[in-house]
Amino acid sequence: VQLVESGGGLVQPGGSLKLSCATSGFTLNYYSIAWFRQAPGKEREGISCSKAVDGTTYYADSVKDRFTISRDNAKNTVYLQMNNLKPEDTAVYYCAKRYTSLSGCGTFSDTERDFGSWGQGTQVTVSS
């Protein structure tokens, strides 16, 4: 099982970035995938999740209406489109897979305990 994030970079406030999470070693459609982020000096927080099978999406309040999670099961990839970026969005962004198949997103925004197979992360820096 492997998840590899990409697409991070430096962007000005108000700008956009699209992150990718390339997966392998499991059937993506059967697993919920979440995006997390960790800012310097802060705990890692769950910000968005795509539910297994039906792809229902969930967002933390901090990114709602600005970020969009999507998945392409044929390409084994999950995306995070980030618009109207703010300096407080600066963090290392990670994707992770729910441990159990055919399970929902659970309490991803409160705890990461149900998710694993972490990638190396991709740095997003929002600065003028």
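Every value quoted in this text rests on a predicted model; they were computed, and no experiment measured them.
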d(Thr100 OG1, Tyr31 OH) to nearest 0.5 Å is 8.0 Å
Does the side chain of Gln123 come within less than 4.5 Å of Thr90's, by heavy atoms? yes
Within a strict 4.5 Å, meaning less than it, do heavy atoms of the Leu80 and Ser48 side chains meet? yes
Any side-chain heavy-atom pair from Val124 and Met82 closer than 4.5 angstrom? yes
Give a yes or no on whether the backbone of Leu28 and the side-chain of Arg71 come within a donor-acceptor separation of less than 3.5 Å. yes
For Tyr30 and Asn73: C-alpha separation, side-chain torsions, deciding distance, then whether side-chain contact (heavy atoms from CB on, under 4.5 Å) applies. CA-CA 9 Å; Tyr30 293 164; Asn73 292 322; over 6 Å; no
When you compare the side chain of Glu5 with that of Tyr93, does any pair of heavy atoms fall below 4.5 Å? no
For Val63 and Arg37, which heavy atoms make the closest approach, and how far apart are they? CG1-NH1, 3.9 Å
Less than 4.5 Å apart, side chain to side chain, heavy atoms only: is that true for Cys21 and Leu19? no
Ignoring hydrogens, what is the shortest heavy-atom contact between Pro13 and Ser127? Give both atom names and the distance. CD-C, 3.6 Å
Are the side chains of Ser24 and Asn76 in contact, using a 4.5 Å heavy-atom criterion? no
Among Asn84, Asn83, Asp89, whose side-chain hydrogen bond (donor to acceptor under 3.5 Å, both in side chains) with Arg66 holds? Asp89
Where the side chain of Ser32 meets the backbone of Ser103, is there a donor-acceptor pair that is under 3.5 Å apart? yes
Salt bridge or not between Asp61 and Lys64? Use side-chain N to carboxylate O under 4.0 Å. yes
Going from SG on Cys105 to CZ on Arg98, what distance comes out if it is rounded to the nearest 0.5 angstrom? 8.0 Å
Ring pair (Phe, Tyr, Trp, His ring centres under 6.0 Å) partners of residues 95-125, not counting sequence neighbours, each pair once: Phe36-Phe115, Phe36-Trp118
Should we count CD of Glu88 as having more than 12 external heavy atoms under 6.0 Å? yes
Write down the atom of Cys95, the atom of Ile33, and the distance for their closest heavy-atom approach. CB-CG2, 4.4 Å
Take atom CG in Asp54; do more than 12 heavy atoms of anything else shown fall under 6.0 Å from it? yes
Ring pair (Phe, Tyr, Trp, His ring centres under 6.0 Å) contacts in which one or both residues fall within residues 49-79, not counting sequence neighbours: none
Residues Val1 and Gly25: closest non-hydrogen pair is CG2-O, 4.0 Å
Which heavy atom of Leu102 sits nearest to which heavy atom of Ala52, and what is that distance? CA-CB, 4.3 Å
At what distance, to the nearest 0.5 angstrom, does NZ of Lys97 lie from CG of Asp114? 11.5 Å
Are Val11 and Ser16 close enough, and set up right, to give a side-chain contact (heavy atoms from CB on, under 4.5 Å), and what steps lead you there? CA-CA 7 Å; Val11 63; Ser16 298; over 6 Å; no
